[in-house]
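To start, the structure under review is shown below, and the notes come after it.
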Amino acid sequence: MRIEYINPFIESSFDILNEVLKTNVKRNELYLKKLGESMKGVAVVIGVTGKVKGRIVFDMTEETALKLASKMNGEDFSEFNEMVRSTIGELANMITGRAVTRLEKDNLSFYFTPPTIISGENLHIYEFSGMEALII
């Protein structure tokens with residue numbers, strides 16, 4: 001995993017979360033995780049093509065997804081419904097879009113698929129290439 005591709009996603013995640021939550025987001029330790037290991041319950045997956053091929057996975061608990069959607073929409077959500085899914089997908093798009101803008105300044109061009117949202121208990125996402133995911 002090349003750091004010059006990762007840093008724009010880390011920076012964009014903090015920028016967007018600080019903006020939409022109107023708070024100061026703090027970072028825990030970063031670590032690599034093999035796809036296929038247990039996920040937290042809600043995953044937004046965005047495919048990457050172009051100079052680099054892979055996946056971007058935004059992984060969170062359902063509780064986190066509900067809190068994010070509640071804060072972003074200014075209303076309380078107690079169930080993982082269409083509005084929550086739409087909000088979480090849009091958040092992933094915002095972070096990815098800002099990261100892409102930063103990458104394109106370095107003449108790196110990428111193409112992305114629309115987000116796919118996967119949710120459920122004991123969730124696993126398998127990638128047969130042995131690809132790793134950076135967990136922020």
Side-chain angles (χ1 to χ4, degrees):
M1 206 173 279
R2 296 180 61 177
I3 197 72
E4 64 264 27
Y5 301 146
I6 296 169
N7 277 338
F9 286 94
I10 294 169
E11 294 165 2
S12 296
S13 295
F14 287 104
D15 291 349
I16 296 294
L17 288 171
N18 281 327
E19 288 173 26
V20 300
L21 300 177
K22 296 176 180 47
T23 189
N24 187 19
V25 176
K26 295 189 175 153
R27 181 177 94 181
N28 283 337
E29 186 176 335
L30 303 177
Y31 60 95
L32 291 175
K33 180 178 185 176
K34 290 263 188 220
L35 291 179
E37 293 179 14
S38 181
M39 305 299 277
K40 295 180 178 177
V42 174
V44 182
V45 181
I46 298 177
V48 181
T49 61
K51 290 188 177 188
V52 172
K53 292 177 177 43
R55 310 274 181 284
I56 302 164
V57 180
F58 298 90
D59 182 28
M60 66 194 79
T61 63
E62 185 174 304
E63 177 185 11
T64 298
L66 291 170
K67 287 181 179 179
L68 284 168
S70 294
K71 182 76 171 176
M72 289 175 69
N73 289 293
E75 60 181 282
D76 288 330
F77 292 101
S78 58
E79 64 180 45
F80 194 73
N81 60 26
E82 183 60 35
M83 180 59 96
V84 174
R85 282 190 293 276
S86 177
T87 302
I88 296 305
E90 183 56 29
L91 179 62
N93 276 334
M94 292 165 67
I95 292 169
T96 302
R98 182 150 315 163
V100 168
T101 300
R102 289 177 175 167
L103 287 165
E104 287 180 346
K105 287 180 184 175
D106 294 328
N107 293 321
L108 298 170
S109 92
F110 300 91
Y111 303 96
F112 297 91
T113 64
T116 298
I117 299 175
I118 304 167
S119 64
E121 294 180 29
N122 201 21
L123 179 66
H124 292 77
I125 299 174
Y126 294 96
E127 179 67 49
F128 293 104
S129 67
M131 189 180 305
E132 294 175 317
L134 179 70
I135 307 302
I136 303 170

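For this chain, numbers begin at 1 and follow the sequence in order.
When the side-chain hydrogen bond (donor to acceptor under 3.5 Å, both in side chains) test is applied to T64, the partners found at least two apart in sequence or on another chain are T61. Shown here are the side-chain contact (heavy atoms from CB on, under 4.5 Å) partners of L66, two or more places apart in sequence or in another chain: E62, F77, V84.
The environment of E63 atom CD is sparse: at most 12 non-hydrogen atoms of other residues, nucleotides or ligands sit within 6.0 angstrom.
Put simply, OG on S86 and CD1 on I117 are 7.5 Å apart, with the number rounded to the nearest 0.5 Å. Put simply, CD1 on I16 and CG on N93 are 11.0 Å apart, with the number rounded to the nearest 0.5 Å. Atom CG of L123 sits about 12.0 Å away from atom NZ of K40, to the nearest 0.5 Å. Of the inter-residue distances, the one linking E11 atom CD with I6 atom CD1 reads 12.0 Å to the nearest 0.5 angstrom. Distance CD1/I95 to OG/S12: 8.0 Å, rounded to 0.5 Å.
No donor-acceptor pair closer than 3.5 Å links the side chain of T87 to the backbone N or O of A69. Using a distance-only test at 3.5 Å, with no hydrogens or angles considered, no donor-acceptor pair links the side chain of D59 to the main chain of A43. Here the side chain of N81 pairs a donor or acceptor atom with the backbone of M83 at under 3.5 angstrom.
The two residues A65 and I88 have their closest heavy-atom pair at O-CD1, 3.6 Å. Closest non-hydrogen pair, V25 versus L17, comes out as CG2-CB, 3.7 Å. Of all heavy-atom pairs between G50 and Y111, the closest is CA-CD1, 4.2 Å. The two residues P8 and A99 come nearest to each other via the heavy atoms O-CB, 3.6 Å. Minimum interatomic distance between P115 and G89 (heavy atoms only, all atoms of both residues): CG-O, 4.0 Å.
In this structure, the side chains of E75 and S70 stay at 4.5 Å or more apart for every pair of heavy atoms. With contacts defined as side-chain heavy-atom distances shorter than 4.5 Å, the pair K71/V20 does not qualify. Using a 4.5 Å heavy-atom cutoff, the side chains of I46 and F58 are in contact. In this structure, the side chains of T96 and F9 come closer than 4.5 Å at one or more pairs of heavy atoms. A heavy-atom distance below 4.5 Å is found between the side chains of N24 and N18.
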Verdict with reasoning, M60 to L68, per side chain to side chain contact (heavy atoms under 4.5 Å, CB included) | CA-CA 10 Å; M60 66 194 79; L68 284 168; 3.9 Å; yes

Pair R55-V48, side chain to side chain contact (heavy atoms under 4.5 Å, CB included): steps then yes or no = CA-CA 6 Å; R55 310 274 181 284; V48 181; 6.0 Å; no

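Using a cut-off of 4.0 Å between Lys/Arg side-chain N and Asp/Glu carboxylate O, K67 and D76 are scored as not salt-bridged.
For residues 85-101, the set of pairs meeting the salt bridge (charged side-chain N to carboxylate O under 4.0 Å, His left out) definition, not counting sequence neighbours, comprises E19-R98, E82-R85.
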